[in-house]
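Working notes, beginning with the structure itself.
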Amino acid sequence: MNKRLITINDLSAFTFAGAPVLSPDGKKAVYVVTKTYLKQNGYASSLYWTDGESEPKPLTHDYNEDTLVKHHSPRFSADGSFVYFLSNRTGKDQVWRIALTLGESELLTDFEEGVSDFALSPDGKQLACQTMIKDKIESDNEDVTIISRLRFLQNGKGFVDGTTALYLYSIENKQKTLITDPQCTSELPVFSPDGTQLFFCMGKQNPDQTDYLKDMYAYDLSNQTTRRIYDAKGYIYDIQVSPDGQTIALAGNEDGECTPENIGIFLVPITGGFAKNLMEKEKLSLGNFVGTDVRFDSSNTLFLWDKSGRSLIYLVQDGGSTGLKRVDLDGNLSTVYMKDKSVVTSFDIKNEHIIAIISSPLSTGDLYFLGNNDSIRQVSHHNQQLFEQLDLNEPIAFTYSGADDDWQIDGWVLFPPKSVRATEKVPVVLEIHGGPAFAYGNSFNHEFQCLAAQGYAVVFTNPRGSRGYGAKFCAGCYGDWGRKDKIDILKGLDYVLEHFPECDRERQYVTGGSYGGFMTNTIVGTTDRFRAAVTQRSICNLYNFYGTSDIGYYFLTRYFNGADLWTDEDLLMSFSPIRNANKVKTPICIIHSEEDHRCPIEQAEQWYVALRRLGVETRFVRIKGENHELSRSGRPKNRLSRLSEIINWFNRYNTKDSAADL
């Protein structure tokens, strides 16, 4: 078969697998499959199921040309006969169920504001539903919005106008019982194995003064009483009850919000008390922070108890790969699955059976059954036919010394396919990830492959501040944005230019988003080595970012060691790229979503006005109706436009004439 180059439009041809769950006996699996529908400019998702041997097939079918229905968050009933899930089929997400014998889906709930999460009781009679309770409207004028909470914005949602609460919901008689304080945000419901208690997390009183942390509670279903069993000192990401019902394990830390500390596992007796850190021997953080633009429904499960209750399986990132490890109740660690060039995005374990969605540099992710003795069996092959058509390369991994403290930094370079290699040298694009506590790694990245298909070598690295290398490395850029981390990044590019002589030192380009956009702005203000730059959802003014971002004040206060607006203006501005706007000579394209509340568009506006006033060739691409997640989950047509803008901008300056202009 003659292979072809990948295109921007291939993004809409991918199928995305995620959020797998096993039946109680561990023999059947259900997971979410998401597809792009370009005509409707959106996504639809269905549930697929497999017996572990045969190719998966659809369990739900609700797509039509008028409505893009999303089925997600599946859970099996205790006897394995039903699958419960969330669906927006009637408008907002509600809980539905379907028999595994492929009957009709049945609507169960009717919450006015929909259901954002749920847990099913072991006897199958009740649901614990997480839903929104709206704030009381304080003005008769619909054009007036009254704001009374400190954190009043949320990326992807806009104004925060309520709190999430938990209800017990009787499936038989449809009765709803509010069980949490409606003034405090509640989440992460999970029933005890015997169904007598419900555990959950609920926000502290007066969060403006105490940070927005959530304590862990137990609700007794027999006497309708609630008691706090853990006073949180950091963020809780996941909770799971031991098989004997006597211990709660939580994934989190005890270092406040926005911390470089690893996400670990802590054990708390159901009676409450001291939280035992089970991960003192683990140097890495729970979770998968490897970024990609081809992932949906990655699941929020970070760990699970095994059947015996004597150990837990957890998701962990090690450099550019993620896998599964085991920790026993004494804190001893062992590897369950960890492979080079492999990224586990989500998993489940039941009755000693393990399934996982696993991606690689040449796969968006498929369903696998993991066995003993390191065996692995691929069950789904969603994009196989498409990938067989494409002429792709795998990135080449390398390591190099960082700024000045002997840290070894991971990097990769993706070269163009041989079919587009010219006899002349290859131009190079430097990509910078966001976060900064995220990472690049062994995932397929459509954007990078598209750049390679255009003839560019793509360089990407994990500088200090990235996840996957331990807490000390993650803290390496605290109080030092754009300094040693910038050196780490540029030394990675220098390494490639030195060790791969086919790369063209005369044609270098740079791009990044979020923190990567901040770093792109910083770089063009401190060096003229790049022919062109694209800065995406970026930051240029840290002082303004404090009060305009949905995370601004607490995020930067932690990252800059307690710095605040009224005491540290000069410090914050000294790190702000806009201070060096008058030094920028690099032509730059600014891409920003108009509804981005994480890095507000006013940051792009400041940067654009400054550069245009100074005569820098600048293009400002504003995208309506999108937020900070444009590159990962924005509407398909807008994602394609974004990619076109990036490639066209670099191509514009990838000629001999453009070199003379610089």
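Along the sequence shown, residues carry numbers from 1. Just so it is clear, the values below take in all heavy atoms, side chains as well, and ignore hydrogens, waters and symmetry mates.
A donor-acceptor pair under 3.5 Å links the side-chain atoms of Ser299 to the main chain of Thr301, judged by distance alone. Checking side-chain atoms of Ser321 against main-chain N and O of Asp318 turns up no donor-acceptor pair under 3.5 Å. With hydrogens and angles ignored, the 3.5 Å screen pairs no side-chain donor or acceptor of Asp10 with any backbone N or O of Ala13. Formation of a donor-acceptor pair under 3.5 Å by the Ser380 side chain with backbone atoms of His382 is not found in this model. The closest donor-acceptor contact from the side chain of Gln408 to the backbone of Asp410 lies at 3.5 Å or more, if one exists at all. Not a single donor-acceptor pair under 3.5 Å links the side chain of Thr259 to the backbone N or O of Gly256. A donor-acceptor pair under 3.5 Å links the side-chain atoms of Arg639 to the main chain of Ser631, judged by distance alone. Looking only at distances, no side-chain donor or acceptor of Asn393 sits under 3.5 Å from a matching main-chain atom of Leu414. Proximity of a side-chain donor or acceptor of Ser192 to a complementary backbone N or O of Gln197 within less than 3.5 Å is detected. Listed for the Asn253 side chain is no donor-acceptor partner under 3.5 Å among the backbone atoms of Ile263.
Heavy-atom contacts from other residues, nucleotides or ligands closer than 6.0 Å to CZ of Arg310 number 12 or fewer. Environment of NZ in Lys307: sparse, with no more than 12 heavy atoms of neighbouring residues, nucleotides or ligands closer than 6.0 Å. Residue Asp340 places its CG atom among 12 or fewer non-hydrogen atoms of other residues, nucleotides or ligands, all under 6.0 Å distant. Crowding of Lys27 atom NZ: a count of heavy atoms from other residues, nucleotides or ligands under 6.0 Å not exceeding 12. Counted within 6.0 Å of CG on Asn300, heavy atoms from surrounding residues, nucleotides or ligands total 12 or fewer; the atom is thus considered open. Annotation for Tyr368: atom OH counts as buried by contact number, over 12 foreign heavy atoms lying within 6.0 Å.
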Please walk me through it: do Phe347 and Tyr337 pass ring pair (Phe, Tyr, Trp, His ring centres under 6.0 Å)? CA-CA 11 Å; Phe347 76 103; Tyr337 175 86; over 10 Å; no
Gln130/Ser116 under side chain to side chain donor-acceptor pair (under 3.5 Å): CA gap, chis, key distance, verdict: CA-CA 6 Å; Gln130 179 178 311; Ser116 53; 3.1 Å; yes
Chi angles and distances behind the side chain to side chain donor-acceptor pair (under 3.5 Å) call for Ser77, Asp79: CA-CA 6 Å; Ser77 60; Asp79 62 4; 2.7 Å; yes
Candidate pair Phe82 and Phe76, rule ring pair (Phe, Tyr, Trp, His ring centres under 6.0 Å), full reasoning: CA-CA 6 Å; Phe82 284 94; Phe76 271 95; over 10 Å; no
Under the criterion salt bridge (charged side-chain N to carboxylate O under 4.0 Å, His left out), I'd like the reasoning laid out for Lys28 against Asp51: C-alpha separation, chi angles, the key distance, then a yes or no. CA-CA 4 Å; Lys28 302 179 183 68; Asp51 58 10; over 6 Å; no
Side chain to side chain donor-acceptor pair (under 3.5 Å) between Thr511 and Glu431, intermediate numbers included: CA-CA 5 Å; Thr511 185; Glu431 291 265 5; 4.8 Å; no
Side chain to side chain donor-acceptor pair (under 3.5 Å) evaluation trace for Ser46 with His61: CA-CA 7 Å; Ser46 301; His61 309 262; over 6 Å; no
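Ile248 and Ile229 get closest at one heavy-atom pair: CG1-CD1, 4.1 Å. Scanning both residues, Pro193 and Pro243, for their nearest heavy atoms gives CG-O, 3.5 Å. The nearest pair of heavy atoms linking Asp293 to Asn445 is OD2-OD1, 3.3 Å. Closest heavy-atom contact between Asp244 and Ser242: OD1-OG, 2.6 Å. Looking at every heavy atom in both residues, Leu267 comes nearest to Ala249 through CD2-CB, 3.7 Å. Closest non-hydrogen pair, Leu5 versus Ala453, comes out as CD1-O, 3.7 Å.
Aromatic rings of Phe415 and Phe500 (six-membered ring for Trp) have centroids within the 6.0 Å cut-off, being under it. A centroid separation of 6.0 Å or more is found between the aromatic rings of Phe118 and Tyr84. Checked against the 6.0 Å centroid threshold, Tyr31 and His72 do not count as a close aromatic pair. Ring centroids of Tyr217 and Phe199 are separated by 6.0 Å or more, keeping the two rings apart. Outside the 6.0 Å centre-distance limit, the rings of Phe274 and Tyr230 are not counted as a close aromatic pair. Checked against the 6.0 Å centroid criterion, the rings of Phe85 and His71 qualify as a close aromatic pair.
Here Arg642 pairs with Glu447 in a salt bridge; the nearest charged N to carboxylate O distance falls below 4.0 Å. With salt bridges taken as basic N to acidic carboxylate O contacts below 4.0 Å, none links Asp348 and Arg75. Look at Asp306 and Arg326 and you find a salt bridge, because one of the NZ, NE, NH1 or NH2 atoms lies within 4.0 Å of a carboxylate O, short of that distance. The residues Glu394 and Lys341 are annotated as salt-bridged, a charged nitrogen and a carboxylate oxygen being separated by less than 4.0 angstrom.
Using the six-membered ring where Trp is involved, Phe14 and His446 have ring planes that are perpendicular, over 60° apart on the 30 and 60° scheme. The aromatic rings of Tyr515 and His433 lie tilted to each other, with the angle between the two planes from 30° to 60°.
Lys276 pairs by the side chain to side chain donor-acceptor pair (under 3.5 Å) definition with nothing, not counting sequence neighbours.
For the pair Arg464 and Phe473, the cation-pi criterion (under 6.0 Å, within 45° of the ring axis) is not fulfilled.
Between the side chains of Gln384 and Glu388, at least one donor N or O sits under 3.5 Å from an acceptor N or O.
Listed by first and then second residue, the ring pair (Phe, Tyr, Trp, His ring centres under 6.0 Å) pairs that reach into residues 284-336 are Phe16-Phe296, Tyr43-Phe296, sequence neighbours excluded.
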